[in-house]
Amino acid sequence: MANVTVLTRIGRILAHNNRRCVCPPGIPSPGEGTPIVVASLMRSGTHLLIDSLLNNCRGLRRSPLYIDLDQLLSQSSPEEALALMKRSGTYVVKTHFPQLGHDDPARERVMTALCEMGTTITVTRERSAVERSFAIFSDRDTAIDLSEDYQRFAEFWSARATASISFEELTGNWADTMAGVWRATGLTPDPGPRPPLSRAHRYRVYLNKLLTRLVGRRAPMINTTIGFALKR
C-alpha cells in the first residue's frame, strides 16, 4: 500500500506529459526526414511500440521524445499542426484517430497527409482485452463496447497504413515483430536489441519511468507509459 501511495504521488508531480517527453507541451526542434506515425486505439500497446522504437534506434530520441498529434490538434489548427510536422523531420507521432476526433473532417485530412509524408504503423489488440483494460484505466464499473471504434479504425487505416502489427505479436514475438517494423520504416536499429522489461522487473520499470520524465531522451531506457499505480 505504501508503494502505491508513493508512486501515485510521484506520478502526479512528474507528469508523463511534460515538455521533455511529449509535444505538447514540448516544442519539437527542426529536423530532416519524415514522421513515423503510431496509430492505435487506446489501451492497445501504443507506448509499447513507441518505447521499442526509441530504445532501439537512438536517432529517434529527440526533445521532446514524441508528438501527441491528438493533443496538438486540440490546441492548434490543422494547418499549424501539419506545418510543424513538415519542419520537424523524423519524429515518432502518436494518434488514436479516429477514436478521438472521428467527426472532424479537418483531422482526417491531417492524418491522410501524414500517411503520404511518412510511415504509419498501426497497433491492434484483441477487442475484449482492450475493453477490459479501458474499463480499468477509466475506472468504470460498467462494461464497455468498442465495436464502433474498431470499425472506424479499420475503415480509416486499412488503406493508409504502411504496416500493421498486433499487441499479441509485440508481446509474444517481439524480435520478429520489430524486424518487420524496421523494414517498414527503413530505419536501422542499434546493435543489441532492447526489448521491453517484463512485470518481473517492476521496480526497474518504475525507475525508467521516473528517469524518462526527469531527463527525457537522456534516460538510459525510455519508458513513456502513463501509469504508476502498482497492482495490489
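Being a predicted model, the structure only gives us computed values, none of them experimental.
For Arg62 (side chain) and Ser88 (main-chain N/O), a donor-acceptor pair under 3.5 Å exists by modelled atom type. Of the possible polar contacts, one joining the Glu168 side chain to the Glu126 backbone as a donor-acceptor pair under 3.5 Å is found.
Using a 3.5 Å distance cut-off with no hydrogens or angles, the side chains of Thr224 and His47 do pair a donor with an acceptor. Judged purely by distance below 3.5 Å, without hydrogens or angles, the side chains of His16 and Lys209 never pair a donor atom with an acceptor atom. Side-chain contact of Arg125 with Ser44: a donor-acceptor pair under 3.5 Å is absent, judged by distance alone. No donor-acceptor contact under 3.5 angstrom links the side chains of Thr162 and Thr120, judged on distance only. Neither side chain, Trp182 nor Thr188, offers a donor N or O lying under 3.5 Å from an acceptor on the other. For the residue pair Arg213/Asn223, the side-chain donor-acceptor check at 3.5 Å is not satisfied.
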Kindly determine whether Ser40 and His96 satisfy side-chain contact (heavy atoms from CB on, under 4.5 Å), including the steps that lead there.
CA-CA 5 Å; Ser40 68; His96 293 309; 3.6 Å; yes
Audit row: Thr46, Lys94, side-chain contact (heavy atoms from CB on, under 4.5 Å) steps and yes/no:
CA-CA 8 Å; Thr46 318; Lys94 165 191 168 182; 3.9 Å; yes
For Ser164 and Trp157, what are the C-alpha separation, side-chain angles and deciding distance, and is it a side-chain contact (heavy atoms from CB on, under 4.5 Å)?
CA-CA 9 Å; Ser164 181; Trp157 292 110; over 6 Å; no
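With a 4.5 Å cut-off on side-chain heavy atoms, Leu41 and Phe134 do not count as touching.
Sorted by first and then second residue, the side-chain hydrogen bond (donor to acceptor under 3.5 Å, both in side chains) pairs with a member in residues 63-74 read Ser63-Arg217, Asp70-Thr95; sequence neighbours excluded. Applying the side-chain hydrogen bond (donor to acceptor under 3.5 Å, both in side chains) test to every pair with at least one member in residues 99-111, sequence neighbours left out, gives these pairs: Gln99-Asp149, His102-Arg152.
With a 6.0 Å radius and a threshold of 12 heavy atoms from other residues, nucleotides or ligands, Gln75 has its CD atom above the threshold.
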